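Please read the structure below before turning to the comments.
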Amino acid sequence: MMLRMVWQRMGIGLVTLWVVSVIVFVATSILPGDVAQIILGQAATPETLAAMRAELGLDQPGYIRYFSWLGNMMTGDLGTSKAGGATISSLIGGRIGNTMMMAGLVAIISIPISIALGLWAAMHPGTILDRIVTFGTLSLISVPEFFIATVAVLILAVHLHWLPSTAYMTGDETFGQLIKALAMPLITLVIVVSAQMIRMTRAGILNVMSSPYIEMAILKGVPRGRIILRHAFFNAIGPIINVIALNLAYLVSGVVIVETIFAYPGLAKLMIDGVQTRDLPLVQACAMIFCGTYVVLILIADVGSIVSNPRLRSPK
Amino acid sequence: MEKDKLFEVKDLRISAYNDEGEEIPIVKGVSFDIHKGEVVALIGESGSGKTTISLATLAYTKPGLHFTGGECQLFGKDVLSMPPLGQRDLRGGNVAYLAQSAAATFNPAITINEQVTEAAVLHGRLTQAEANKRAIELYHALELPDADRIGYRYPHQVSGGQLQRLMAAMALCSKPDLMVLDEPTTALDVTTQIEVLKAFKKVIREQNSAAIYVTHDLAVVAQVADHIVVLYSGEVMEQGSADQIINNPQHAYTKRLMAAARPKPTAGMGVQVGDEHHREADNMRVEDMTAGYGGIVDGEPVVPILRDINISVKNGHVVGVIGESGCGKSTLARVMAGMLPPARGDILLDDKKLKGSLLDRRLDELQKVQFVFQMADTALNPKQLIGNIIGRPLEFYHGLTGKEKHAKVSEILDMVELPPAFASRYPMELSGGQKQRVNLARSLAANPEVMLCDEVTSALDSIVGANVIKLLTGLRDKTGVSFVFISHDLSTVASFADEIVVLYAGRVVEQGPTDEVLEPPFHPYTRLLISSVPEMRIGWLEDTMQKREMAVGIARGVEITRQGCPFYNRCPLAIEGTCEVKIPAILELEKGHQISCHLSLEQLLETEAETQKILHGFEKVGDEDQFSTAH
């Protein structure tokens, strides 16, 4: 039963990816002007445009272009950027490592902190410290991330001179330099994603804490720490995994503001640049990568919730 | 007696505080003693404070309640004034708690064995290995199937009755001095209840532990208690030995409780219908209906529940549907209401075929068939005023608005014996019984011809439940509405229904007029059900366990089979080679009484006489002595 559900989820994930590919393709196709026009510019004559379109295969009907695009993408050929003519794979390749490194570092730091703080707040509900945590996280969620980033720059870079205000990397810095360069965006992102995860962990645990089986555990004389960690946590894990997955997906795709503020060469910034230069193949490729990340992470979260639920893991 | 006193509750007082900070006393100075090896029963209606008092023995109160006075002494030491660490050791160590719903009290994410042994290991009473060993011993003692390995399972993998017994194992594992059992059998079927009661009684005796047994069911109390404390509104009305309270109650309230206790379902209990409603015309009919879940493939449901059902509901009649859980009672009501379209067969209202699905039925057809849900708590929208809840069907079906609607709401509230002022209240402000009345009023507002009542009295305690039944009877006489009354409580059905349909594993095994079905009970399953209803008689449990029906039928659960008689594996009279392969034909008796059994009527009569003979001795004594002084 569990395997079947996992396969089902994977199937749904694939279908989602396919639907998104259609939407991405159609959306970028209905934008005014096509690649040929963008390459040749406003001054192009209709004849040269037609010749260019024939060369790029743009005179083909839409569905044929879609399938050749989809086919190329599945074989790893993401196409050629018209700005500069580099292959998109190489453009993305340079950035994806940066993005993954940032996302990975943020995850490694924020997940344990969030779960620990969330659990801790749930263990002491109503105390001053719990209120500080809930109020603090709520404030941080409400504040836009660029504000957090700006404040961080103001304090850590401008006033204290501890860290550089940009995360520019040359590629040959030492580990220490790397950490220093990454510190600002890292701190900002950890703050942004942790706030949500802390709140969700706390709320998930407290929700479970009102169940009859928790009262039973109290009546069995189980200490509160063990009640939370052993009795409540495993029942609250489903929603917690989902929030973690959503936040990780956000790290890969949604951090464009932070990347822009700190001039960090990540994938999201590449996509924005693509939009600005009307580099449609690049935009399409980035969109598919972001969507793929979401689908894969949500899939992992779903499977995680299934595996953590004994009712689904071991049926009757 | 003084020296083996185990636990003493002295002038216990517990209060709640409302939003204005006023103190509301819940328990008002209760005192009683518990001796070693003794079972003390706390009985009373909901709101009598019985659960609150029982939890006080664990030095625990539900959130919002506070101890305001008195002591609970274990071996002469007050547990209420213990430091938190001492109280933690007390809970699950010296005093163990068994809750009403094992399904809710077992943690779904942890294996049974870990939960059973947890307290004993945590309090240092046993090592994990010793605890595991003891748990398996207890599983055997509680007669759980697959006792050596059941601990490795998760709670959802065992049945409700088994879970209830596993909870007893959980309480007993640390060898507590006192067990607190809070309505441990109330949520169970009669047959499962017996099985669980039997197991509880056995281990309590073998372990020589003391227990507090909290319940509102006097018949159950009579089976297990040595000493009874009768509570009302947080005060002790009367206390004494089980013998004295049951056979010679002194206090008026105890007498009232006894009167509301469920009598043995027998013929002649039913209310006779007034002539004006005694029309023989069919109101609603179900013909050759088969239904189930998981979609329909080739005219067969993927998960079949009901099979070849034929029943008819006559104008102004009450049809009681009985059977254990899992027999398809609720599914039957859902099919009739159109919530679950049948795979085959027809549902007819006033001789006209109804569409299988609710969505395809016409407004007037919807209006004529109304459903009343079991849990008023969940069926009533907590954010809507009672007036709106009842007004909605008036508007939807009858187009009433403004003053007209308002007047009609008052009229309907009056019909369910609630004051008109209730229209401007929210469901939360009402008691359980009042909510159930509003739940009924909502269906009544549609002015239906047939009301489908799914276990509407099951969540209510006996006095409130009896009042709801009285109300339903009155409504039937006043409005001529027909009822399909689903209940696992035979006594209620017997007192209220004109016809009874006995469902087993999705088939009708017997149906007919109430008196014909109950006296004498022909079908072996009907007999099993009837003899499982506890009697308010000390020693009934032991006597009953000797019956053949019990010995064979009690331990097994309902299984839906595709061929043969589904009751085959629990039937003491099963004919091998016939019953498990052939679907029994229907024996037609007089007055529309039908029995689905391979045995002939003569054989059934004969075996019934035999059973009576075996039981004759105790039955006699029981009947005569029920209300006289103890022997």
Side-chain angles (χ1 to χ4, degrees), chain A residues 1-2 4-5 8 115 119 122-127 130 201 204-242 301-316, chain B residues 51 54-55 57-63 82 84-112 114-125 152-159 163 167 170-171 173-174 176 179-180 182:
Chain A
M1 176 152 124
M2 184 178 83
R4 213 187 76 200
M5 286 185 72
Q8 229 167 24
I115 292 184
L119 285 173
M123 274 188 231
H124 307 90
T127 57
D130 172 47
T201 308
I205 296 280
L206 284 184
N207 189 25
V208 173
M209 289 301 281
S210 58
S211 328
Y213 54 79
I214 297 296
E215 188 174 50
M216 189 68 219
I218 296 172
L219 291 174
K220 273 158 69 175
V222 180
R224 194 166 172 90
R226 184 176 156 84
I227 287 181
I228 298 228
L229 295 176
R230 184 76 189 99
H231 288 260
F233 185 61
F234 284 88
N235 285 291
I237 213 159
I240 295 175
I241 293 179
N242 271 291
D302 273 358
V303 172
S305 323
I306 293 172
V307 171
S308 71
N309 184 343
R311 258 172 291 201
L312 302 173
R313 191 173 61 221
S314 34
K316 285 204 174 196
Chain B
T51 296
S54 72
L55 285 172
T57 62
L58 292 119
Y60 179 82
T61 56
K62 298 255 178 196
M82 274 184 181
L85 264 174
Q87 292 183 343
R88 195 195 284 163
D89 252 358
L90 168 89
R91 297 174 185 158
N94 301 97
V95 186
Y97 182 74
L98 259 101
Q100 172 164 1
S101 165
T105 24
F106 266 95
N107 191 324
I110 303 177
T111 57
I112 287 165
E114 184 178 340
Q115 300 192 57
V116 166
T117 56
E118 186 178 26
V121 176
L122 218 56
H123 297 306
R125 294 188 154 227
Y152 297 117
R153 296 195 213 168
Y154 283 96
H156 70 277
Q157 293 170 309
V158 303
S159 76
L163 215 49
M167 195 159 58
M170 182 157 88
C173 193
S174 58
M179 279 210 293
V180 178
D182 188 359

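Below, each value reflects all heavy atoms present in this structure, side chains not excepted, and no hydrogens, waters or symmetry copies. Just so it is clear, the model here is predicted, and its values are computed rather than measured.
Chain B is approached within less than 4.5 Å, heavy atom to heavy atom, by Met216(A), Ile218(A), Leu219(A), Lys220(A), Gly221(A), Val222(A), Pro223(A), Arg226(A) from residues 216-226 of chain A, ordered by number. Contact annotation for residues 234-241 of chain A against chain B (heavy-atom separation below 4.5 Å, listed by residue number): Phe234(A), Asn235(A).
For a residue to count as touching a neighbouring chain, one of its non-hydrogen atoms must lie under 4.5 Å from one of that chain's; by this rule Leu85(B) does not touch chain A. In this structure, the portions of Tyr97(B) lying under 4.5 Å from any heavy atom of chain A include both its backbone and its side chain. For a residue to count as touching a neighbouring chain, one of its non-hydrogen atoms must lie under 4.5 Å from one of that chain's; by this rule Ala96(B) does not touch chain A. Looking at Asn107(B), the atoms closer than 4.5 Å to chain A (heavy atoms on both sides) sit in the backbone and in the side chain alike.
In terms of heavy-atom pairs under 4.5 Å with chain A, the best-connected choice from Pro176(B), Ala119(B), Ser174(B), Ala109(B) is Ala109(B). By number of non-hydrogen pairs under 4.5 angstrom with chain A, the leading residue of Lys62(B), Gln87(B), Arg153(B) is Lys62(B). When Glu118(B), Gln115(B), His123(B) are compared by the number of non-hydrogen pairs under 4.5 Å with chain A, Glu118(B) comes out ahead. When the candidates Leu98(B), Leu58(B), Val180(B), Leu122(B) are compared by the number of heavy-atom contacts under 4.5 Å with chain A, Leu122(B) comes out ahead.
Pro310(A) and Pro108(B) make their closest contact through CG-O, 2.8 Å (heavy atoms, listed as atom of the first residue, atom of the second, distance).
In this structure, the side chain to side chain contact (heavy atoms under 4.5 Å, CB included) partners of Asp130(A), at least two apart in sequence or on a different chain, are Ala121(A), Pro125(A), Thr127(A), Thr134(A), Arg202(A).
Applying the salt bridge (charged side-chain N to carboxylate O under 4.0 Å, His left out) test to pairs two or more places apart or on separate chains, those with a residue in residues 230-240 of chain A are Arg230(A)-Glu114(B).
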